[in-house]
*Asks:* 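What follows is a single structure, and I will ask about it in a moment.
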Amino acid sequence: MPELPEVETVRTGLSRLIIDKNIISVDFDTPKSFPNTNADIERFLLNTHFIAIRRRGKVLMLDLSSGYSLMVHLKMTGQLVYRGEESFGAGHPNDSLIGVLPDKSTRVTILLDNGGTLFFNDQRKFGWMRLLPTAIIPDEPFMMKLGPEPLEESFNFSTFAAQLKRRQNTSIKAALLDQTVLAGVGNIYADETLFAAKIHPKSIVKFVPRTKLKLLHTAIKEILLFSIEKGGSTDRNYVNAEGKRGSYIDFAKVFRKENMPCPVCGHAIIKIRVAGRGTHVCVHCQKLYKETVK
DNA sequence: CACTTGACCTGTCCGC
DNA sequence: TGCGGACAGGTCAAGT
(Lines give C-alpha, C1' and ligand atoms only; values in the text may rest on other atoms or scores of the structure.)
Protein backbone atom coordinates (compact mmCIF):
# COMPACT_ATOMS: atom_id res chain seq x y z
CA MET A 1 0.00 0.00 0.00
CA PRO A 2 1.30 3.44 -0.71
CA GLU A 3 3.44 4.55 2.20
CA LEU A 4 6.30 7.03 2.18
CA PRO A 5 8.64 5.15 -0.22
CA GLU A 6 5.83 4.41 -2.68
CA VAL A 7 4.53 7.99 -2.65
CA GLU A 8 8.09 9.29 -3.02
CA THR A 9 8.61 6.99 -6.02
CA VAL A 10 5.46 8.35 -7.64
CA ARG A 11 6.69 11.87 -6.90
CA THR A 12 10.03 11.44 -8.67
CA GLY A 13 8.33 9.68 -11.59
CA LEU A 14 5.78 12.43 -12.08
CA SER A 15 8.50 15.08 -11.75
CA ARG A 16 10.20 13.48 -14.74
CA LEU A 17 7.00 13.02 -16.76
CA ILE A 18 4.59 15.94 -16.34
CA ILE A 19 6.49 19.08 -15.27
CA ASP A 20 5.75 21.95 -17.70
CA LYS A 21 2.96 19.97 -19.39
CA ASN A 22 -0.23 21.94 -19.93
CA ILE A 23 -3.64 20.63 -18.86
CA ILE A 24 -6.20 20.48 -21.65
CA SER A 25 -9.11 18.77 -19.95
CA VAL A 26 -10.17 16.94 -16.83
CA ASP A 27 -12.79 14.27 -16.43
CA PHE A 28 -13.93 12.57 -13.21
CA ASP A 29 -16.54 10.06 -12.15
CA THR A 30 -18.03 11.43 -8.93
CA PRO A 31 -17.55 14.51 -6.70
CA LYS A 32 -16.08 12.19 -4.05
CA SER A 33 -13.07 11.69 -6.29
CA PHE A 34 -12.77 15.35 -7.17
CA PRO A 35 -14.86 17.66 -4.96
CA ASN A 36 -14.28 20.94 -6.78
CA THR A 37 -16.65 23.24 -8.65
CA ASN A 38 -16.58 23.56 -12.41
CA ALA A 39 -15.76 27.24 -11.98
CA ASP A 40 -12.62 26.46 -9.95
CA ILE A 41 -11.58 23.78 -12.40
CA GLU A 42 -11.86 26.17 -15.33
CA ARG A 43 -10.09 29.02 -13.58
CA PHE A 44 -7.29 27.22 -11.77
CA LEU A 45 -6.75 23.87 -13.48
CA LEU A 46 -7.48 24.08 -17.21
CA ASN A 47 -4.77 25.74 -19.32
CA THR A 48 -2.29 25.72 -16.45
CA HIS A 49 0.86 23.62 -16.19
CA PHE A 50 2.61 21.63 -13.48
CA ILE A 51 5.53 23.49 -11.91
CA ALA A 52 6.54 21.12 -9.09
CA ILE A 53 5.59 17.80 -7.52
CA ARG A 54 6.02 17.65 -3.76
CA ARG A 55 5.39 15.12 -1.01
CA ARG A 56 4.59 15.42 2.69
CA GLY A 57 4.12 12.12 4.49
CA LYS A 58 1.88 10.06 2.24
CA VAL A 59 0.35 13.12 0.53
CA LEU A 60 1.32 14.37 -2.92
CA MET A 61 1.06 17.98 -4.03
CA LEU A 62 1.05 18.71 -7.74
CA ASP A 63 1.71 22.45 -7.92
CA LEU A 64 0.23 24.39 -10.83
CA SER A 65 1.21 27.65 -12.50
CA SER A 66 -2.18 29.07 -11.41
CA GLY A 67 -1.13 29.20 -7.75
CA TYR A 68 -3.31 26.20 -7.05
CA SER A 69 -2.28 22.60 -6.41
CA LEU A 70 -3.75 19.19 -6.84
CA MET A 71 -3.49 17.52 -3.45
CA VAL A 72 -3.65 13.72 -3.64
CA HIS A 73 -3.91 10.97 -1.06
CA LEU A 74 -3.66 7.46 -2.53
CA LYS A 75 -4.83 5.78 0.70
CA MET A 76 -4.78 2.00 0.05
CA THR A 77 -5.38 1.34 -3.61
CA GLY A 78 -4.80 4.71 -5.27
CA GLN A 79 -2.56 5.06 -8.33
CA LEU A 80 -1.31 8.09 -10.24
CA VAL A 81 -0.23 6.81 -13.62
CA TYR A 82 1.01 8.75 -16.63
CA ARG A 83 0.61 7.36 -20.10
CA GLY A 84 2.42 9.07 -22.93
CA GLU A 85 1.01 9.12 -26.43
CA GLU A 86 3.37 6.35 -27.53
CA SER A 87 2.39 3.97 -24.75
CA PHE A 88 -1.23 5.01 -24.49
CA GLY A 89 -3.44 2.01 -23.96
CA ALA A 90 -0.60 -0.37 -24.57
CA GLY A 91 0.49 -1.27 -21.09
CA HIS A 92 3.91 -2.69 -20.39
CA PRO A 93 4.17 -6.42 -20.99
CA ASN A 94 7.08 -7.00 -18.64
CA ASP A 95 6.72 -5.06 -15.45
CA SER A 96 3.44 -3.20 -15.60
CA LEU A 97 0.75 -4.31 -13.24
CA ILE A 98 -1.99 -2.59 -15.16
CA GLY A 99 -3.25 -2.75 -18.71
CA VAL A 100 -5.25 -0.40 -20.87
CA LEU A 101 -6.33 2.86 -19.24
CA PRO A 102 -8.83 4.13 -18.36
CA ASP A 103 -10.20 1.03 -16.64
CA LYS A 104 -13.00 0.51 -14.14
CA SER A 105 -10.92 1.88 -11.27
CA THR A 106 -10.18 5.18 -13.05
CA ARG A 107 -11.60 8.13 -11.08
CA VAL A 108 -9.96 11.12 -12.72
CA THR A 109 -8.50 11.55 -16.20
CA ILE A 110 -6.32 14.57 -16.96
CA LEU A 111 -5.41 15.20 -20.59
CA LEU A 112 -2.12 16.99 -21.32
CA ASP A 113 -1.03 19.04 -24.30
CA ASN A 114 1.77 16.65 -25.29
CA GLY A 115 -0.75 13.90 -25.95
CA GLY A 116 -0.11 12.24 -22.60
CA THR A 117 -2.69 11.51 -19.93
CA LEU A 118 -2.53 11.41 -16.15
CA PHE A 119 -4.86 8.85 -14.58
CA PHE A 120 -5.97 8.74 -10.96
CA ASN A 121 -7.16 5.18 -10.33
CA ASP A 122 -8.54 3.91 -7.05
CA GLN A 123 -10.24 0.57 -6.77
CA ARG A 124 -11.56 1.06 -3.25
CA LYS A 125 -12.38 4.78 -3.55
CA PHE A 126 -10.72 5.69 -0.25
CA GLY A 127 -8.28 8.03 -1.91
CA TRP A 128 -8.95 11.59 -2.93
CA MET A 129 -7.71 14.37 -5.16
CA ARG A 130 -8.64 18.00 -4.79
CA LEU A 131 -7.74 21.38 -6.07
CA LEU A 132 -6.84 24.10 -3.60
CA PRO A 133 -4.62 27.17 -3.32
CA THR A 134 -0.98 26.13 -2.90
CA ALA A 135 -0.50 28.67 -0.13
CA ILE A 136 -3.15 27.24 2.17
CA ILE A 137 -2.05 23.59 1.98
CA PRO A 138 0.12 23.84 5.12
CA ASP A 139 -2.93 25.15 7.01
CA GLU A 140 -5.13 22.21 6.04
CA PRO A 141 -6.14 20.33 9.20
CA PHE A 142 -4.63 17.09 7.91
CA MET A 143 -1.29 18.74 7.13
CA MET A 144 -1.23 20.66 10.43
CA LYS A 145 -1.39 17.44 12.43
CA LEU A 146 1.33 15.55 10.53
CA GLY A 147 4.45 14.68 12.46
CA PRO A 148 8.06 15.12 11.23
CA GLU A 149 9.39 13.76 7.94
CA PRO A 150 11.47 10.73 8.91
CA LEU A 151 14.08 11.24 6.17
CA GLU A 152 14.87 14.83 7.03
CA GLU A 153 18.10 15.60 8.85
CA SER A 154 16.11 17.23 11.65
CA PHE A 155 14.43 13.93 12.45
CA ASN A 156 17.09 12.89 14.93
CA PHE A 157 16.69 10.55 17.86
CA SER A 158 15.67 13.22 20.35
CA THR A 159 12.89 14.38 17.99
CA PHE A 160 11.68 10.81 17.67
CA ALA A 161 11.74 10.25 21.45
CA ALA A 162 9.91 13.53 22.03
CA GLN A 163 7.19 12.56 19.54
CA LEU A 164 6.72 9.21 21.28
CA LYS A 165 6.12 10.98 24.60
CA ARG A 166 2.50 11.56 23.57
CA ARG A 167 1.89 7.84 22.98
CA GLN A 168 3.44 6.22 26.03
CA ASN A 169 0.70 3.73 26.87
CA THR A 170 -0.05 2.30 23.47
CA SER A 171 1.72 -0.37 21.47
CA ILE A 172 4.87 0.66 19.61
CA LYS A 173 3.21 -0.39 16.36
CA ALA A 174 0.19 1.86 16.94
CA ALA A 175 2.62 4.71 17.68
CA LEU A 176 4.55 4.15 14.41
CA LEU A 177 1.31 4.11 12.43
CA ASP A 178 0.19 7.39 14.03
CA GLN A 179 0.88 10.05 11.40
CA THR A 180 1.11 12.74 14.07
CA VAL A 181 4.10 10.93 15.62
CA LEU A 182 5.95 10.72 12.32
CA ALA A 183 4.64 11.07 8.77
CA GLY A 184 4.76 8.30 6.22
CA VAL A 185 5.12 4.93 7.94
CA GLY A 186 2.31 2.43 7.31
CA ASN A 187 1.77 -1.25 7.91
CA ILE A 188 4.62 -2.66 5.81
CA TYR A 189 7.39 -0.44 7.19
CA ALA A 190 6.07 -0.63 10.75
CA ASP A 191 6.51 -4.42 10.68
CA GLU A 192 9.87 -4.26 8.91
CA THR A 193 11.42 -1.58 11.12
CA LEU A 194 10.24 -3.27 14.34
CA PHE A 195 11.79 -6.52 13.16
CA ALA A 196 15.07 -4.74 12.39
CA ALA A 197 15.06 -3.19 15.87
CA LYS A 198 14.11 -6.54 17.49
CA ILE A 199 11.05 -5.07 19.20
CA HIS A 200 7.77 -6.98 19.41
CA PRO A 201 5.02 -4.80 17.86
CA LYS A 202 2.79 -5.23 20.93
CA SER A 203 5.42 -3.73 23.22
CA ILE A 204 4.12 -0.79 25.25
CA VAL A 205 6.04 2.34 24.29
CA LYS A 206 7.02 3.40 27.82
CA PHE A 207 8.62 0.02 28.53
CA VAL A 208 10.80 -0.13 25.43
CA PRO A 209 14.43 0.53 26.39
CA ARG A 210 16.06 3.64 24.98
CA THR A 211 18.72 1.57 23.22
CA LYS A 212 16.00 -0.30 21.33
CA LEU A 213 14.27 2.95 20.39
CA LYS A 214 17.59 4.15 18.99
CA LEU A 215 17.81 1.03 16.86
CA LEU A 216 14.25 1.67 15.71
CA HIS A 217 15.01 5.28 14.79
CA THR A 218 17.97 4.16 12.69
CA ALA A 219 15.95 1.35 11.09
CA ILE A 220 13.20 3.78 10.04
CA LYS A 221 15.68 5.95 8.15
CA GLU A 222 17.59 3.05 6.59
CA ILE A 223 14.62 0.94 5.56
CA LEU A 224 12.62 3.83 4.07
CA LEU A 225 15.68 4.91 2.08
CA PHE A 226 16.40 1.38 0.91
CA SER A 227 12.80 0.93 -0.21
CA ILE A 228 12.92 4.17 -2.20
CA GLU A 229 15.99 2.74 -3.97
CA LYS A 230 13.91 -0.31 -4.84
CA GLY A 231 10.98 1.76 -6.10
CA GLY A 232 8.79 0.93 -3.09
CA SER A 233 6.71 -2.17 -2.38
CA THR A 234 4.14 -3.66 -4.70
CA ASP A 235 1.99 -5.83 -2.46
CA ARG A 236 -1.22 -5.75 -4.48
CA ASN A 237 -2.16 -2.54 -6.24
CA TYR A 238 0.72 -0.15 -5.93
CA VAL A 239 2.41 1.01 -9.13
CA ASN A 240 4.66 3.98 -9.86
CA ALA A 241 3.94 6.86 -12.23
CA GLU A 242 4.67 4.59 -15.20
CA GLY A 243 2.42 1.78 -14.01
CA LYS A 244 5.37 -0.36 -12.91
CA ARG A 245 5.91 -2.38 -9.76
CA GLY A 246 8.30 -1.69 -6.93
CA SER A 247 10.55 -4.49 -5.71
CA TYR A 248 11.10 -3.79 -2.00
CA ILE A 249 8.74 -6.61 -1.06
CA ASP A 250 11.35 -9.07 -2.39
CA PHE A 251 13.69 -7.84 0.34
CA ALA A 252 11.15 -7.74 3.16
CA LYS A 253 12.13 -9.85 6.17
CA VAL A 254 8.73 -10.41 7.82
CA PHE A 255 5.95 -8.66 5.95
CA ARG A 256 3.68 -11.25 4.28
CA LYS A 257 6.12 -13.98 5.38
CA GLU A 258 3.86 -15.86 7.81
CA ASN A 259 4.87 -19.51 8.29
CA MET A 260 8.20 -18.87 6.61
CA PRO A 261 11.51 -19.07 8.49
CA CYS A 262 12.88 -15.93 10.09
CA PRO A 263 15.96 -14.90 8.06
CA VAL A 264 17.89 -14.34 11.29
CA CYS A 265 17.02 -17.30 13.54
CA GLY A 266 15.00 -19.68 11.40
CA HIS A 267 11.94 -19.79 13.66
CA ALA A 268 8.61 -19.48 11.87
CA ILE A 269 7.25 -15.97 11.43
CA ILE A 270 3.72 -15.64 12.74
CA LYS A 271 0.89 -13.30 11.88
CA ILE A 272 -1.04 -11.62 14.67
CA ARG A 273 -3.29 -8.57 15.06
CA VAL A 274 -1.90 -5.37 16.54
CA ALA A 275 -3.60 -1.98 16.44
CA GLY A 276 -6.28 -3.56 14.26
CA ARG A 277 -3.79 -4.57 11.55
CA GLY A 278 -2.31 -7.76 10.28
CA THR A 279 1.13 -7.85 11.89
CA HIS A 280 4.11 -10.07 11.14
CA VAL A 281 6.56 -10.96 13.86
CA CYS A 282 9.36 -13.33 14.80
CA VAL A 283 8.62 -13.93 18.47
CA HIS A 284 12.07 -15.43 18.91
CA CYS A 285 13.95 -12.33 17.71
CA GLN A 286 11.53 -9.58 18.71
CA LYS A 287 11.27 -8.97 22.43
CA LEU A 288 7.99 -8.04 24.06
CA TYR A 289 8.28 -5.16 26.54
CA LYS A 290 5.17 -4.97 28.66
CA GLU A 291 6.64 -4.02 31.98
CA THR A 292 9.75 -2.40 33.36
CA VAL A 293 12.90 -4.26 32.48
CA LYS A 294 15.18 -5.04 35.41
C1' DC B 1 -6.61 14.09 26.44
C1' DA B 2 -5.20 9.14 25.40
C1' DC B 3 -6.61 5.22 23.34
C1' DT B 4 -9.55 1.75 20.71
C1' DT B 5 -12.88 0.36 17.41
C1' DG B 6 -15.83 0.62 13.40
C1' DA B 7 -16.87 2.73 8.93
C1' DC B 8 -15.59 3.87 4.47
C1' DC B 9 -15.10 0.64 -0.31
C1' DT B 10 -14.21 -3.25 -3.68
C1' DG B 11 -11.79 -7.31 -5.09
C1' DT B 12 -9.98 -11.70 -3.75
C1' DC B 13 -9.67 -15.86 -1.44
C1' DC B 14 -11.35 -19.70 1.39
C1' DG B 15 -14.69 -23.06 2.98
C1' DC B 16 -18.91 -25.29 2.07
C1' DT C 1 -20.21 -23.37 -9.69
C1' DG C 2 -21.94 -20.09 -6.52
C1' DC C 3 -22.25 -17.83 -2.16
C1' DG C 4 -21.24 -15.90 2.43
C1' DG C 5 -17.83 -14.12 5.09
C1' DA C 6 -13.20 -12.76 6.34
C1' DC C 7 -9.58 -9.94 4.94
C1' DA C 8 -6.71 -6.27 2.86
C1' DG C 9 -5.14 -1.35 5.64
C1' DG C 10 -5.03 4.75 5.72
C1' DT C 11 -7.65 7.88 8.06
C1' DC C 12 -11.49 9.81 10.56
C1' DA C 13 -15.50 9.82 13.58
C1' DA C 14 -17.35 8.10 17.53
C1' DG C 15 -16.84 5.34 21.35
C1' DT C 16 -14.80 4.31 26.31
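Lettering follows sequence order; numbering is per chain, from 1.
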*Asks:* Using atom types as modelled and distance alone, determine if a side-chain donor or acceptor of A/Q179 lies under 3.5 Å from a backbone N or O of A/L177.
*Replies:* yes
*Asks:* Let me know the distance between CE of A/M144 and P of C/dC12, rounded to the nearest Å.
*Replies:* 14 Å
*Asks:* In terms of side-chain heavy atoms of A/R166, which of C/dA8, C/dT11, B/dA2 is nearest?
*Replies:* B/dA2
*Asks:* Look at all strands and tell whether A/K165 reaches a base, only sugar-phosphate, or nothing, counting heavy atoms closer than 4.0 Å.
*Replies:* nothing
*Asks:* Tell me whether the OP1 or OP2 atom of B/dA2 has a side-chain N or O from A/Q168 closer than 4.0 Å.
*Replies:* no
*Asks:* Between A/R256 and A/D235, does any side-chain N to carboxylate O distance fall below 4.0 Å?
*Replies:* yes
*Asks:* Go ahead and name the base partner of C/dA13; Watson-Crick or wobble counts if both distances stay under 3.5 Å, otherwise write none.
*Replies:* B/dT5
*Asks:* Without decimals, in angstroms, what is the distance between A/W128 CH2 and C/dT11 C1'?
*Replies:* 10 Å
*Asks:* About how many Å separate CZ of A/F126 and NZ of A/K75, when rounded to the nearest 0.5 Å?
*Replies:* 8.0 Å
*Asks:* Would one find a side-chain N or O of A/K271 under 4.0 angstrom from OP1 or OP2 of C/dC7?
*Replies:* no
*Asks:* Would you say A/K104 reaches B/dG11's phosphate, i.e. side-chain N/O to OP1/OP2 under 4.0 Å?
*Replies:* yes
*Asks:* Between A/F255 and A/K145, who's closer to the 5' end of DNA chain C by nearest nucleotide?
*Replies:* A/F255
*Asks:* Using Watson-Crick or G-U wobble geometry with both distances under 3.5 Å, which nucleotide pairs with B/dT10?
*Replies:* C/dA8
*Asks:* Ignoring backbone atoms, test whether A/R273 places a side-chain nitrogen or oxygen under 4.0 Å from the OP1 or OP2 oxygen of C/dA8.
*Replies:* yes
*Asks:* Check the phosphate of C/dG9 against A/R256, side-chain N and O only, distance under 4.0 Å to OP1 or OP2. Yes or no?
*Replies:* yes
*Asks:* Can a cation-pi geometry be assigned to A/K230 and A/Y248, taking NZ or CZ under 6.0 Å from the six-membered ring centre and within 45° of the ring axis?
*Replies:* no
*Asks:* Does a side-chain N or O of A/N169 approach OP1 or OP2 of B/dA2 to a distance below 4.0 Å, or not?
*Replies:* no
*Asks:* Taking CG from A/N237 and C1' from B/dC9, how many angstroms apart are they, rounded to a whole number?
*Replies:* 12 Å
*Asks:* Distance check needed: C/dA8 P versus A/D122 CG, whole Å only.
*Replies:* 19 Å
*Asks:* Tell me: CD of A/E192 to P of C/dG9, nearest whole Å?
*Replies:* 13 Å
*Asks:* Could one point to a donor on the side chain of A/R124 or the base of C/dA8 with an acceptor on the other under 3.5 Å away?
*Replies:* yes
*Asks:* Taking the six-membered ring for Trp, does A/F126 stack with C/dT11 (centroid gap under 5.5 Å, planes within less than 30°)?
*Replies:* no
*Asks:* Please check this pair: side chain of A/Q79 against backbone of A/N237, looking for a donor-acceptor N/O pair closer than 3.5 Å.
*Replies:* yes
*Asks:* Please assess A/D103 against A/S105 for the test side-chain hydrogen bond (donor to acceptor under 3.5 Å, both in side chains), listing each intermediate value before the final yes or no.
*Replies:* CA-CA 5 Å; A/D103 63 21; A/S105 75; 2.8 Å; yes
*Asks:* Quote, to the nearest angstrom, the P distance that separates C/dC3 from B/dC9.
*Replies:* 24 Å
*Asks:* Could you tell me how far apart A/K125 (NZ) and B/dC9 (P) are, to the nearest whole angstrom?
*Replies:* 8 Å
*Asks:* Contact class for A/G186 (heavy atom, under 4.0 Å): base, sugar-phosphate, or nothing?
*Replies:* sugar-phosphate
*Asks:* Under 4.0 Å between a Lys/Arg side-chain N and an Asp/Glu carboxylate O for A/E242 and A/R16?
*Replies:* yes
*Asks:* Looking at the side chain of A/R167, which of C/dG10, B/dG11, B/dC3 is the nearest nucleotide?
*Replies:* B/dC3
*Asks:* Are A/T170 and B/dT4 close enough that a side-chain N or O sits under 4.0 Å from OP1 or OP2?
*Replies:* yes
*Asks:* Can you tell me if the side-chain N/O atoms of A/H73 get under 4.0 Å from OP1 or OP2 in C/dG10?
*Replies:* no
*Asks:* How far, in whole Å, is C/dG5 from B/dA7 if one measures between their P atoms?
*Replies:* 15 Å
*Asks:* Atom CE of A/M76 and atom C1' of C/dT11: how far apart are they, to the nearest Å?
*Replies:* 9 Å
*Asks:* What integer distance in Å separates A/I172:CD1 from B/dT4:C1'?
*Replies:* 17 Å
